[in-house]
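Below: one structure, written as structure tokens.
Note: hydrogens, waters and symmetry copies are ignored here, and every other heavy atom, side chains too, is used. Every value quoted in this text rests on a predicted model; they were computed, and no experiment measured them.
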Amino acid sequence: MRRRILLSTLGVAVTAILLLGIPLAWVVSKLIYDDAKQSLSVTAAGLIKEVEVPLGQGERPDPRQISRAYPNLYIVIRLPDGTTETAGRQFTGQTMSATSTADNITVTVHRSYAEVRDEVLRQLLLIASLILLGVAIATVLAILLARRLTLPLADLVETAERLGTGNARPRRRRYGIPEVDTVAEVLDTSAVRIADLLASSREFASDASHQLRTPLTALTMRLEEMVEAADYPDVVREEGHAALAQAERLVAVVEQLLARAKHDRTGQAVPTAIDLVIEQQIEEWRPIFAREGRSIRLEGDADLVSVVTPSCLSQILATLLDNSLMHGSGTVTLTTRLTRQNVVVEVGDEGPGVEPELSKKIFERSVSGAGGTGLGLYLARSLAAVDGGRLELVQPSPAVFAFFMRRREEARLAHERVVSGPV
């Protein structure tokens, strides 16, 4: 590919240079020849005036003086009395000439054609040198351009191969080419998604192995007892009912695991009085902030109910308070309010806030200010999404984070299966 880019770029450059250089060489040659002819005509006309001066004084023109004045020309002067005077050395080869006549005086000026041709060749050589210099510069630029284009593409191919082999670590390398950087950004985004999918897959496998082990063990025991009590119908019937109950419980566990794997937004979210969760977090964090000479206060609407998992809300608030403790300053304010579709909890402080270059990617993995791990806000936003909410940075300076939760009347609560029967 590098060779194709090099050849195509060089071909375009050489074609452009030749399309400009060839007409330029023709125009320069024509100008030199035309200028030489015009110069001879002007010289011939000037010589007539110079000849008229001595003739008016009754003298003849001096050929030696004319030769010294025009050393590169051969001049023939025909006087009114029919005589001829010559000046300069007569040329043996092809010449260029111009004739001018006035007052019965005829002046013919000759110039060596080889001299004009040499001037043309010198100019053409200069143009050819410029063309070669242009081709050399175009070659260097084509090599640099081909290298600049092919190295990022080769790097992107390597990145795509790594993704295909399961190495989903994003490289976050940029190359200064908008189109290539866009592809690199897409690959990095895909890498993050693949990493999330792999992590979710491993988590699902771990949870499934743990959650399914107990009901499967109990079901196996019931079936073994049924086999051993095959001669006792009443025992078999009782153990059969117990086995059915265990199977129903196993189905419920599988449904819960699948809901978590698909990020079901109604999995564990329930109508929750958020004041209790917020007050609990404030009581836990107030002594820590007090040791730093800071305080926490709560304001806004009271007695709000949202559809959220209480443990998720606690973890998100803890992440925001810890983030404010590490990177913020002053009083931390928790504000609760009710909008048309959401219950909102805002957490803000009086610190310098989030730097502009970080504000648009603050929720990305491994992105953090000084001293952070870059995982807290990323995980907090993931928890918010699981319950159908969203976590946003609504004000970068001073920093204000808002957790938007669903209102109870807007939620569609899922009815979990209720299993009854002996264990």
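Phe401 places none of its side-chain heavy atoms less than 4.5 Å from the side chain of Val394. Between Phe403 and Leu317 the shortest side-chain heavy-atom distance does not fall below 4.5 Å. Proximity of Leu79 to Pro61: side-chain heavy atoms (C-beta onward) are separated by under 4.5 Å at one or more points. At a threshold of 4.5 Å between non-hydrogen side-chain atoms, the residues Thr43 and Val107 do not count as touching. Two residues are said to be in side-chain contact when any heavy atoms from C-beta on lie closer than 4.5 Å; Arg297 and Leu334 fail this criterion. The closest side-chain heavy-atom distance from Arg406 to Val308 is not below 4.5 Å. At least one side-chain heavy atom of Leu393 sits under 4.5 Å from a side-chain heavy atom of Ser359. Counting heavy atoms from C-beta outward, Ile17 and Val135 have side chains that approach closer than 4.5 Å.
Nearest heavy atoms, Leu40 versus Arg111: CD2-CB, 3.8 Å. Counting all heavy atoms, side chain and backbone alike, His110 lies closest to Phe91 at O-CE1, 3.6 Å. Scanning both residues, Glu50 and Tyr70, for their nearest heavy atoms gives OE2-OH, 3.0 Å. Closest approach of Pro310 and Val277 over heavy atoms only: O-CG1, 4.2 Å. In this structure, Ile48 and Ile105 approach most closely via the heavy-atom pair CD1-O, 4.0 Å. The two residues Pro63 and Ala87 come nearest to each other via the heavy atoms O-CB, 3.5 Å.
Asp349 and Ser324 share a donor-acceptor pair across their side chains, judged by distance under 3.5 Å alone.
Of the possible polar contacts, one joining the Ser67 side chain to the Gly88 backbone as a donor-acceptor pair under 3.5 Å is found. A donor-acceptor pair is defined here as one N or O able to donate and one able to accept, closer than 3.5 Å; such a pair exists between the side chain of Thr336 and the backbone of Asp301. Listed for the Ser29 side chain is no donor-acceptor partner under 3.5 Å among the backbone atoms of Val27. Looking at Asn342, its side chain never comes within 3.5 Å of a backbone N or O of Phe404 through a donor-acceptor pair. Arg407 places a side-chain N or O within 3.5 Å of a backbone atom of Arg340 that can act as its donor or acceptor partner. Within the 3.5 Å criterion, the main-chain N or O of Tyr378 finds a donor-acceptor partner in the side chain of Ser382. Arg381 places a side-chain N or O within donor-acceptor distance of the main-chain N or O of Leu391, the cut-off being under 3.5 Å. Gln395 places a side-chain N or O within 3.5 Å of a backbone atom of Pro398 that can act as its donor or acceptor partner.
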Which pairs of donor and acceptor atoms, one on a side chain in residues 124-132, lie under 3.5 Å apart (sequence neighbours left out)?
{"residue": "Ser129", "atom": "OG", "partner": "Leu125", "partner atom": "O", "Å": "2.9"}

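Ion pairing of Arg122 with Glu119 is present here, as a side-chain N (NZ or NE/NH1/NH2) and a carboxylate O approach within less than 4.0 Å. Using a 4.0 Å cut-off between charged nitrogen and carboxylate oxygen, Arg78 and Glu85 do not count as a salt-bridge pair. For the pair Arg60 and Asp81, the salt-bridge criterion is met [side-chain N within less than 4.0 Å of a carboxylate O].
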task = List the steps, then state whether side chain to side chain contact (heavy atoms under 4.5 Å, CB included) holds for Ile66 with Asp62.
result = CA-CA 6 Å; Ile66 295 175; Asp62 186 0; 5.9 Å; no
request  = Kindly determine whether Thr309 and Asp387 satisfy side-chain hydrogen bond (donor to acceptor under 3.5 Å, both in side chains), including the steps that lead there.
outcome  = CA-CA 7 Å; Thr309 303; Asp387 283 343; 2.9 Å; yes
inquiry  = Please determine whether side chain to side chain contact (heavy atoms under 4.5 Å, CB included) holds for the pair Val305 and Thr272, giving the CA-CA distance in whole Å, both sets of side-chain angles, and the decisive distance to 0.1 Å.
reply    = CA-CA 5 Å; Val305 177; Thr272 303; 5.8 Å; no
key: Test side chain to side chain contact (heavy atoms under 4.5 Å, CB included) applied to Thr331 and Ile296, step by step   = CA-CA 6 Å; Thr331 301; Ile296 305 177; over 6 Å; no
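Taking OG of Ser112 as the reference point, atom CZ of Arg89 lies at 8.0 Å (rounded to 0.5 Å). Expressed to the nearest 0.5 Å, how far CD1 of Ile274 lies from CD of Gln281 amounts to 12.5 Å. Atoms CG and NZ, on Asp35 and Lys37 in that order, are 12.0 Å from each other to the nearest 0.5 Å. To the nearest 0.5 Å, atoms CD1 (Ile77) and OG1 (Thr84) are separated by 9.5 Å. Atom CD of Gln280 is separated from atom CD of Glu283 by 9.5 Å, given to the nearest 0.5 angstrom. Rounding to the nearest 0.5 angstrom, the gap separating the OG atom in Ser39 from the CD1 atom in Ile32 is 13.0 Å.
Cation-pi geometry between Arg294 and Phe289 is not met: the NZ or CZ atom fails to fall both under 6.0 Å from the ring centre and inside 45° of the normal.
More than 12 heavy atoms of other shown residues, nucleotides or ligands fall within 6.0 angstrom of atom CD in Glu284.
Tested against Met405 for a side-chain contact (heavy atoms from CB on, under 4.5 Å), the candidates Leu304, Val345, Ile316, Val344 yield a single pass: Val345. Evaluated for a side-chain contact (heavy atoms from CB on, under 4.5 Å) with Ile75, the options Thr108, Leu47, Thr86 yield exactly one hit, Leu47.
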